[in-house]
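Structure first, then comments.
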Amino acid sequence: SSVLSNAILRKHCSAMASGLAGKVRRATESEEFDLANYDQDRCNDLAKAAFGEAFPIQTMVRLSFVVGGGKLVRQKYSDDLPKIFMSALSAIGFSNDDSAACEADSGGKYKYQHDTGKNLKFVHVFPHITAPQHSPGGGEEGTAANAEDQQRQSPEDKMLRCSLEDFERLVEKHLPTYAQRKSLLDSLKTRVSRWNAIDEKVRRLERLDAEEDAIYNDDLDIEEVQEKEKHISMSLEAMIEEGKLTTSERTALLAMFDEKRAAVESKGKQAPQKLMDMIQKVKGCAPIGLPPLKFAKEIRELNSRLGKLAQIEKASKGKYSLDELKALGERPDIEEALMGYRERSRGWFEADEVFEERLQACLRAGGVGAKKGGGAAPPQRPVSAASSGGFTAVSGGARQVRSKASAPTTRNAFGALDG
């Protein structure tokens, strides 16, 4: 029976490894994966299934595997896991190279890193790729620079510059809520509108400033941006049709629709039937909940530990035992880890108040006394292009005058939202 049990366990572990291998092979951008509780057999299976063949992508990606960490997470990983996983990679022909980076020449290499900022240990893997993309200028420096630029891209830049196929995939993966997709739509519209305004200046033979020149001469395909705008508009309409709205989204939409209806009726006209139908659909839908945080379990555990430390301080009144002092000494590590998990749980194009709502729901679900800030000082986030509507300036030479980018031709019920 023990042999049978071991066989069943091995089959279960192999299935889990295959599932992770599938996620790894579907990656088209740098991503992070967790190897908690992985042993030699599972690492071997994962390495063969995920990296046995080249990835069908054009640009190198860095696939980071968490293989250990500080005292807060080390129980999930064996001390030998970094060596075990790297040996599994070596067994399929990969080599250890501390200079490996996101460039085509790093295919088939890996490197180990102890990230002291996150207090986690990683093995970064650079897979073989089938079609490396070279920079217009050619050479290794240009390729490396392009890869580094890709790593620094904000969510807005990624959505603007990715292919239409990747755009649809990224929308489904990173933008599960109506509000996130509406924020992306506003960003796309802003970009098209800004380009059109600059194009008008060019037609009038007016001088462009440095920022306008960078936007106008960017390699970004405005017509493709418009296609993305159509796609996201249709997906928003579908979410309304299917009732995929949270309470706050439902309230905001009803207020917007009622305002549009009142504006039309104030002119003595009848509101369009599509608008009235949309109002009824929104009124009739039952609000859905917000998606859970990606690292909800870790956040609840760390927040609970901070709460216990606060109880120690309150009960001891400055007179601590050695064990209590040792526990209190871990607070900086706990707070740092908590802030890291919170930041990594944020969604693309997610408003701060929505993230705070998800955070409080996470803490309540764990029976933790939720309070503003989640038990630790909220991380200071730099304002990104995704939230500020700014653009990345890209230098380039002058181009011929192009035709003005027209507004999307798709007219559907979602057009009632434009304002």
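Note: hydrogens, waters and symmetry copies are ignored here, and every other heavy atom, side chains too, is used. Because the structure is predicted, anything quoted here is derived from the model rather than measured.
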What I'd like to find out is whether the side chain of Val225 reaches to under 4.5 Å of the side chain of Leu160, using heavy atoms alone.
yes
Report yes if the side chains of Thr177 and Pro291 come closer than 4.5 Å at any heavy-atom pair, otherwise no.
yes
Of all the heavy-atom pairs spanning Phe122 and Val66, show the shortest one and how long it is.
CE2-CG2, 3.5 Å
Any sub-3.5 Å donor-acceptor pair from Arg42's side-chain atoms to Leu35's backbone N or O?
no
Count the heavy atoms belonging to other residues, nucleotides or ligands that lie under 6.0 Å from CD of Glu53, then report whether that count exceeds 12.
no
Does a salt bridge link Arg305 with Glu330, judged by any charged N lying under 4.0 Å from a carboxylate O?
yes
Stepwise, does the side chain to side chain contact (heavy atoms under 4.5 Å, CB included) test hold for Lys121 with His114?
CA-CA 4 Å; Lys121 298 177 181 179; His114 184 185; 3.9 Å; yes
Which atom pair, heavy atoms only, marks the closest approach of Ile92 to Gly52?
CD1-N, 4.5 Å
What do you reckon, is NZ of Lys83 surrounded by more than 12 foreign heavy atoms closer than 6.0 Å?
no
Compare all side-chain heavy atoms of Ile222 with those of Tyr216 and state whether any distance is below 4.5 angstrom.
no
Ion pair Asp352/Arg346, N-O distance below 4.0 Å:
yes
If you count the non-hydrogen atoms of other residues, nucleotides and ligands that lie under 6.0 Å from CD in Glu259, is the total more than 12?
no
Which value, rounded to the nearest 0.5 Å, describes the distance between Ile129 atom CD1 and Met60 atom CE?
4.0 Å
Strictly distance-based, threshold 3.5 Å: is any side-chain N or O of Glu31 a donor or acceptor partner for the main-chain N or O of Val24?
no
State whether Asp199 and Arg203 are salt-bridged, where the test is any N-O pair (Lys NZ or Arg NE/NH1/NH2 against Asp/Glu carboxylate O) under 4.0 Å.
yes
Check whether any side-chain heavy atom of Leu220 lies under 4.5 Å from a side-chain heavy atom of Arg161, and answer yes or no.
yes
Please report the closest heavy-atom contact between Leu309 and Ile334, naming both atoms and the distance.
CD1-CD1, 4.0 Å
Kindly state whether the ring of Tyr38 and the ring of Phe85 have centres lying under 6.0 angstrom apart.
no
Partners of Glu206 by salt bridge (charged side-chain N to carboxylate O under 4.0 Å, His left out), sequence neighbours excluded?
Arg204
d(Trp348 CH2, Ser154 OG) to nearest 0.5 Å is 9.0 Å
I'd like to know if Glu343 and Lys118 make a salt bridge, using a cut-off of under 4.0 Å between side-chain N and carboxylate O.
no
Between Tyr341 and Phe295, how do the two ring planes meet: parallel, tilted or perpendicular, split at 30° and 60°?
tilted
Side-chain donor or acceptor of Ser304 paired with backbone N/O of Arg300 under 3.5 Å:
no
Does any N or O in the side chain of Thr251 come within less than 3.5 Å of the main-chain N or O of Thr247, such that one atom is a donor and the other an acceptor?
yes
With side chain to side chain contact (heavy atoms under 4.5 Å, CB included) as the criterion, how do His174 and Phe349 come out once you've worked through the C-alpha distance, each side chain's angles and the decisive distance to 0.1 Å?
CA-CA 9 Å; His174 293 290; Phe349 298 92; over 6 Å; no
Checking side chain to side chain contact (heavy atoms under 4.5 Å, CB included) for the pair Leu184/Val171: CA distance, chi angles, key distance, verdict?
CA-CA 9 Å; Leu184 170 59; Val171 166; 4.3 Å; yes
Keeping the roles fixed (side chain from Thr190, backbone from Asp186), state whether a donor-acceptor pair exists under 3.5 Å.
yes
What verdict does the salt bridge (Lys or Arg N to Asp or Glu O under 4.0 Å) test give for Arg194 and Glu211, after you've listed the backbone C-alpha separation in whole Å, the side-chain angles of each residue and the deciding distance to 0.1 Å?
CA-CA 11 Å; Arg194 184 76 189 279; Glu211 181 182 7; 3.6 Å; yes
Would you find a donor on one side and an acceptor on the other, under 3.5 Å apart, between the side chain of Ser30 and the backbone of Arg62?
yes
Over all atoms of both residues, closest heavy-atom pair of Leu46 and Leu20
CD2-CD2, 3.9 Å
Are side-chain heavy atoms of Tyr178 and Leu253 found at a separation under 4.5 Å?
yes
Indicate yes or no: at least one non-hydrogen side-chain atom of Glu29 is less than 4.5 angstrom from one of Leu170.
yes
Do Glu172 and Arg181 meet the salt-bridge criterion of a basic N to acidic O distance under 4.0 Å?
yes
Say you draw a straight line from CZ of Arg342 to CG of Leu293; how long is it, rounded to the nearest 0.5 Å?
9.5 Å
Going through the checks in order, is the side chain to side chain contact (heavy atoms under 4.5 Å, CB included) test met by Phe257 and Leu275?
CA-CA 7 Å; Phe257 288 156; Leu275 176 59; 3.7 Å; yes
Are Lys283 and Asp258 close enough, and set up right, to give a salt bridge (Lys or Arg N to Asp or Glu O under 4.0 Å), and what steps lead you there?
CA-CA 11 Å; Lys283 285 184 176 179; Asp258 283 338; 5.2 Å; no
As an exercise, state the distance from CG of Asp45 to CD of Gln40, rounded to the nearest 0.5 Å.
10.0 Å
Gln75 atom CD: more than 12 heavy-atom contacts under 6.0 Å:
yes
Give, for atom NZ of Lys281 and atom CD of Glu241, the distance between the pair rounded to the nearest 0.5 Å.
3.0 Å
Any idea which heavy atoms bring Ile232 and Leu185 closest together, and the distance?
CG2-CD1, 3.2 Å
Smallest separation among heavy atoms of Ala50 and Phe55, with atom names:
O-CE1, 3.2 Å
What do you reckon, is NZ of Lys201 surrounded by more than 12 foreign heavy atoms closer than 6.0 Å?
yes
For the side chain to side chain donor-acceptor pair (under 3.5 Å) test, which of Lys111, Lys109, Gln113 pairs with His124?
Gln113
Are the charged groups of Lys294 and Glu32 less than 4.0 angstrom apart, N to O?
no
Kindly compute the distance separating CG (Leu290) from CD (Glu357), expressed to the nearest 0.5 Å.
4.5 Å
Ion pair Glu350/Arg358, N-O distance below 4.0 Å:
yes
Pairwise side-chain contact, Asp218 with Arg191, heavy-atom cut-off 4.5 Å (strictly under):
yes
Please confirm whether the ring centroid of Phe94 lies under 6.0 Å from the ring centroid of His128.
yes
Would you say that Tyr110 contacts Asn96 through its side chain, given a criterion of any heavy-atom pair below 4.5 Å between the two side chains?
yes
Is there a donor-acceptor contact under 3.5 Å from the side chain of Arg250 to the main chain of Val282?
yes
Counting distance only, does the side-chain N/O of Arg25 pair as donor-acceptor with the main-chain N or O of Ala54 below 3.5 Å?
yes
Using modelled atom types and a 3.5 Å cut-off, is there a donor and acceptor pairing between side-chain atoms of Lys76 and backbone atoms of Gly69?
no
For Asp79, look at atom CG and say whether over 12 heavy atoms of other residues, nucleotides or ligands are found less than 6.0 Å away.
no
